Amino acid sequence: MSTPSNVGALHGNLLSALGTGIVSGELAAGQVLTLEGVSAQHGVSRSVAREAIRVLESMGMIESRRRVGITIQPSTKWNVFDPRLIRWRLEGRDRAAQLGSLSELRRGFEPAAAALAARRANADQCRIMAAAVSDMVVHGRSGDLDSYLLADKVFHRTLLEASGNEMFRALNDVVAEVLTGRTHHGMMPVSPNPAAIELHDEVARAIRMRDESAAERAMRAIIDEAATAVTGDQAANG
């Protein structure tokens, strides 16, 4: 008898297998699947297959209709802000294009969020960002990239929350997936760039000093530095 944890693992594995298959083009737009076929191919129950299909349908990646089956949808229908989809795309062949698109998105909202944070951040949020920068310094020197990533994510999450804008705050998972993807796919140097850490410190300091223009300028520089580093990595490995 399957335990809830086993069912959850089966669901997660199937969801990832189907999602990456669609993103990679292995499951092409217009292709029609059946619940029975998915269940048999992946060795899972119909209920597990049905739940995975339901999630993918909510993401716009498939359309399920009676008497038609499960139709793979073109990328124009996908919910491109879904963190799971971002993760799958970063694992695939269009990683460079996805990172480029995400960098452009970040340029559109994170500098503005930093400026708003300089206006609205409370003392506790300022302390959290300053502590996150300190942690980035320590873990950057030691080369502990997982701990560095955690501190980096805390910094950006707190900044978006400090903006006081619920729309910006809702984009935290998008930023977190970008940071995670860069680390997990070997696009971070063993020793993080000290200049990038200094820019985070500049943002935190500008927010604490209520300097909106300086916060916005330093945040834009952070995104530009990351985009340049990723572009260089792609060229070196291309």
Side-chain angles (χ1 to χ4, degrees), residues 1-102 105-106 145-147 149-150 152-154 156-157 160-161 166-188 230:
M1 182 176 180
S2 297
T3 65
S5 60
N6 286 338
V7 171
L10 289 172
H11 165 71
N13 290 340
L14 176 60
L15 182 62
S16 181
L18 293 173
T20 54
I22 295 171
V23 165
S24 69
E26 181 183 343
L27 297 173
Q31 185 174 341
V32 178
L33 310 177
T34 65
L35 189 65
E36 293 78 9
V38 171
S39 176
Q41 181 179 355
H42 295 275
V44 298
S45 68
R46 285 169 58 93
S47 63
V48 169
R50 188 179 294 111
E51 177 61 18
I53 295 302
R54 185 192 67 77
V55 173
L56 290 170
E57 189 166 25
S58 74
M59 297 169 66
M61 300 181 76
I62 63 169
E63 183 181 69
S64 181
R65 297 177 61 186
R66 291 174 63 85
R67 299 203 240 348
V68 174
I70 302 159
T71 306
I72 308 301
Q73 297 297 293
S75 59
T76 52
K77 298 285 188 71
W78 300 350
N79 176 11
V80 294
F81 289 101
D82 192 296
R84 292 164 296 196
L85 178 53
I86 292 172
R87 190 179 314 135
W88 296 332
R89 293 182 75 180
L90 289 177
E91 291 171 355
R93 291 172 297 185
D94 68 343
R95 182 180 305 154
Q98 173 73 155
L99 283 168
S101 178
L102 289 165
L105 173 65
R106 292 181 68 192
L145 293 185
D146 286 335
S147 295
L149 171 62
L150 179 60
D152 200 7
K153 290 198 290 188
V154 167
H156 288 275
R157 182 186 69 234
L160 293 176
E161 290 173 350
E166 62 183 6
M167 298 295 182
F168 289 161
R169 185 171 62 246
L171 290 168
N172 172 63
D173 287 344
V174 172
V175 176
E177 286 299 333
V178 176
L179 300 175
T180 300
R182 187 181 172 195
T183 298
H184 289 176
H185 293 294
M187 290 177 281
M188 277 288 289
V230 168

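Remember, predicted model here, so these are calculated numbers, not experimental data.
- The only option from Leu14, Thr20, Asn13 that meets the side-chain contact (heavy atoms from CB on, under 4.5 Å) definition with Ser16 turns out to be Thr20.
- With a 4.5 Å cut-off on side-chain heavy atoms, Thr180 and Lys153 count as touching.
- The only member of Leu179, Asp173, Val178 that meets side-chain contact (heavy atoms from CB on, under 4.5 Å) when paired with Val175 is Leu179.
- Rounding to the nearest 0.5 angstrom, the gap separating the CG atom in Asn172 from the CD atom in Glu161 is 7.0 Å.
- Checked against side chain to side chain contact (heavy atoms under 4.5 Å, CB included), Thr71 has the following partners two or more places apart in sequence or in another chain: Val32, Val68, Gln73.
- If you take CG on Leu56 and CG on Leu27, they are separated by 9.5 Å, rounding to the nearest 0.5 Å.
- Nearest heavy atom pair, residue Leu85 against residue Trp78, reads CD2-CB, 3.7 Å.
- Arg169 meets the side-chain hydrogen bond (donor to acceptor under 3.5 Å, both in side chains) test with no other residue; sequence neighbours excluded.
- Here Ser58 pairs with nothing under the side-chain hydrogen bond (donor to acceptor under 3.5 Å, both in side chains) rule; sequence neighbours left out.
- Listed by chain and number, the residues in a side chain to side chain contact (heavy atoms under 4.5 Å, CB included) with Arg182 are Met187, Met188, Pro189, Glu225, Ala226, Ala229, Val230 (sequence neighbours excluded).
- Side-chain contact between Val55 and His11 is present, with at least one heavy-atom pair separated by less than 4.5 Å.
- Identified under the salt bridge (charged side-chain N to carboxylate O under 4.0 Å, His left out) test for residues 12-36, with sequence neighbours left out: Glu36-Arg46.
- Atom CD1 of residue Ile70 and atom CE of residue Met61 lie 13.5 Å apart, to the nearest 0.5 angstrom.
- The list of salt bridge (charged side-chain N to carboxylate O under 4.0 Å, His left out) pairs with a residue in residues 13-22, not counting sequence neighbours, is empty.
- Rounded to the nearest 0.5 Å, atoms CD (Glu177) and CH2 (Trp88) are 11.0 Å apart.
- Partners of Arg84 under the side-chain hydrogen bond (donor to acceptor under 3.5 Å, both in side chains) rule, at least two apart in sequence or in another chain, are Asp82.
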Can you check side chain to side chain contact (heavy atoms under 4.5 Å, CB included) on His156 and Asp152, steps first, answer last? CA-CA 6 Å; His156 288 275; Asp152 200 7; 3.1 Å; yes
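- Glu91 pairs by the side-chain hydrogen bond (donor to acceptor under 3.5 Å, both in side chains) definition with nothing, not counting sequence neighbours.
- With sequence neighbours excluded, the residues satisfying side chain to side chain contact (heavy atoms under 4.5 Å, CB included) with Leu171 are Phe81, Phe109, Val174.
- Put simply, CZ on Arg89 and CG on Leu102 are 8.0 Å apart, with the number rounded to the nearest 0.5 Å.
- Residues Leu33 and Gln41 are not in side-chain contact: their nearest non-hydrogen atoms beyond the backbone lie 4.5 Å or more apart.
- For the atom pair CD1 (Ile53) and CG (Leu15), the distance works out to 9.0 Å, reported to the nearest 0.5 Å.
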Working for side chain to side chain contact (heavy atoms under 4.5 Å, CB included), residues Leu90 and His184: CA-CA 10 Å; Leu90 289 177; His184 289 176; over 6 Å; no
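- Considering only residues two or more places apart in sequence or on other chains, Arg54 meets the salt bridge (Lys or Arg N to Asp or Glu O under 4.0 Å) condition with Glu51.
- Between Ser45 and Ser39, the shortest heavy-atom distance links the atoms C-OG, 3.6 Å.
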